[in-house]
Amino acid sequence: MRIPLLAGNWKMHKTLSEGSALVEELLAGLGNHTDREVLVCPPYTALAALRPLLENTPIALGAQDVYFEKQGAFTGAIAPAMLVDVGCRYVIVGHSERREVFGDDDATVNRKLHAALEVGLRPIMCVGESKPQRDAGQAEAIVTAQVRAGLHQVSAAQMADVVIAYEPIWAIGTGDTATAADAQAMHAAIRATLNELYGQDVAESVRIQYGGSVKPDNVDELMAQPDIDGALVGGASLKAESFLRIIHFQ
Ligand code: PGA
């Protein structure tokens with residue numbers, strides 16, 4: 001039984017007061033679902049301040065990235081244990097913006113994933129193809145290769161803490177979503193890869209989120225697909241009304 005995970009990736013948005021206001025609104029409108037999990041990933045600067053608001057609530061706290069070293073002379077970087085220290089349960093690794101803007105490659109993503117697991121954080125590993133790669137018919141090969149490389153030397157037992165997010169790059173922030181059928185096909189391909197790597201029990205238990213222009217008006221259809229186990233939401237997670245509608249998917 002995979003519990004859907006609805007996650008808000010705030011990216012580089014929200015001051016402390018804006019972030020607190022959003023969290024208060026989310027908490028007020030959340031209701032008491034027991035069949036889904038909710039997560040917000042604010043910028044680093046808001047994590048410590050939001051922690052007391054989220055403690056003992058159904059909303060978990062996560063970060064948007066992490067560095068793989070434990071500590072040291074790495075100006076500007078944040079260590080995994082620091083995220084635990086401010087109350088994070090989850091961390092996103094390998095978001096396409098990290099890959100494209102900051103140069104993270106599959107090997108870096110794999111190191112970050114291991115570093116997160118080592119301190120008990122649950123990594124959400126993002127994978128996804130570009131538009132030219134899709135147009136060239138390479139989407140599935142690219143994405144499944146990212147899955148294999150990102151999970152290098154991750155054990156079957158560790159997979160209990162790993163979430164995968166399929167985010168086609170051309171769908172992120174563009175309003176252009178993959179059709180539910182195309183998303184489902186890729187999720188099934190990712191699950192088949194997990195089956196090859198870890199066997200059926202692990203493959204059936206790992207959550208695979210979809211991300212890329214998830215909105216109130218397309219979430220129900222996406223979530224109705226058998227291999228879509230949640231959403232990683234950017235733009236529509238920045239307003240309580242739209243993120244709550246996504247959380248309350250049918
Ligand atoms: P979007 O972003 O919902 O704004 O497309 C998704 C993401 O990048 O995680």
Side-chain angles (χ1 to χ4, degrees), residues 4-14 18-19 22 26 36-44 46-47 59-66 88-104 108-109 112-113 116 121-131 133-134 139 142-143 146-147 150 162-180 182-184 186-187 190 207-223 225 228-249:
L5 175 61
L6 292 314
N9 172 12
W10 295 4
K11 308 193 180 181
M12 200 170 74
H13 295 286
K14 303 288 179 194
E18 291 165 349
L22 175 56
L26 291 175
R36 54 201 73 186
E37 207 182 327
V38 180
L39 167 70
V40 291
C41 298
Y44 290 134
L47 293 173
I59 303 182
L61 187 63
Q64 300 172 16
D65 188 41
V66 69
C88 288
R89 302 266 341 261
Y90 286 88
V91 63
I92 299 170
V93 296
H95 190 280
S96 62
E97 287 149 19
R98 297 299 315 179
R99 294 180 191 255
E100 290 191 329
V101 184
F102 300 98
D104 285 14
T108 314
V109 173
K112 290 182 172 185
L113 190 130
L121 284 167
R122 298 174 171 176
I124 297 175
M125 183 179 79
C126 301
V127 294
E129 82 286 358
S130 67
K131 185 77 178 140
Q133 288 167 338
R134 173 155 286 261
I142 297 279
V143 168
Q146 287 173 342
V147 169
V162 175
V163 176
I164 294 176
Y166 168 55
E167 298 205 306
I169 297 169
W170 47 270
I172 294 177
T174 58
D176 212 7
T177 338
T179 64
D182 282 349
Q184 164 57 28
M186 187 63 84
H187 282 231
I190 293 170
R207 291 178 293 182
I208 307 175
Q209 296 177 299
Y210 172 79
S213 296
V214 176
K215 306 282 182 219
D217 61 7
N218 60 24
V219 66
D220 295 338
E221 197 189 359
L222 288 162
M223 291 303 299
Q225 305 305 312
I228 298 186
D229 311 313
L232 183 54
V233 187
S237 76
L238 297 175
K239 289 211 168 76
E241 191 190 359
S242 48
F243 193 44
L244 283 169
R245 173 62 187 83
I246 288 167
I247 291 167
H248 298 311
F249 76 86

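What you see below is based on every heavy atom in this structure, not just the backbone, and it leaves out hydrogens, waters and symmetry mates. Both ligands and their constituent atoms are indexed starting at 1 by order of listing.
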Please determine, by modelled atom types, if Glu167 and His95 share a side-chain donor-acceptor pair under 3.5 angstrom. yes
Exercise. With side chains defined as the heavy atoms from C-beta onward, is the minimum distance between Met186 and Glu129 less than 4.5 Å?
Worked result: yes
Would you say [X] and ligand 1 have an N/O pair spaced under 3.5 Å apart?
X: Gly173; value: yes
X: Gly235; value: yes
X: Thr174; value: no
X: Lys11; value: yes

Do you know which two heavy atoms are closest between [X] and [Y], and how far apart they sit?
X: Thr174; Y: Ser213; answer: N-OG, 3.5 Å
X: Val214; Y: Val233; answer: O-CG1, 3.8 Å
X: Gly212; Y: Thr177; answer: O-CG2, 3.3 Å
X: Gln209; Y: Ala231; answer: NE2-O, 3.1 Å

I'd like to know if [X] contacts ligand 1, where contact means a heavy-atom distance under 4.0 Å to any ligand atom.
X: Ser213; result: yes
X: Ala236; result: no
X: Ser237; result: no

The option among Glu97, His95, Gln64 carrying the non-hydrogen atom nearest to atom 8 (O) of ligand 1 is His95
Check: of Gly128, Gly234, Cys41, min heavy-atom distance to atom 1 (P) of ligand 1 comes from Gly234
Is it true that atom NZ of Lys131 has more than 12 heavy atoms of other residues, nucleotides or ligands lying nearer than 6.0 Å?
yes
Those residues at least two apart in sequence (or on a different chain) that pass ring pair (Phe, Tyr, Trp, His ring centres under 6.0 Å) with His187 are Tyr166
Closest to atom 9 (O) of ligand 1 among protein heavy atoms sits Glu167 OE2, 2.7 Å
A student checking ligand 1 against Ala171 at a 4.0 Å heavy-atom cut-off should list atoms 5 (O)
Counting from 1 in the order shown, the ligand 1 atoms closer than 4.0 Å to a non-hydrogen atom of Asn9 are 9 (O)
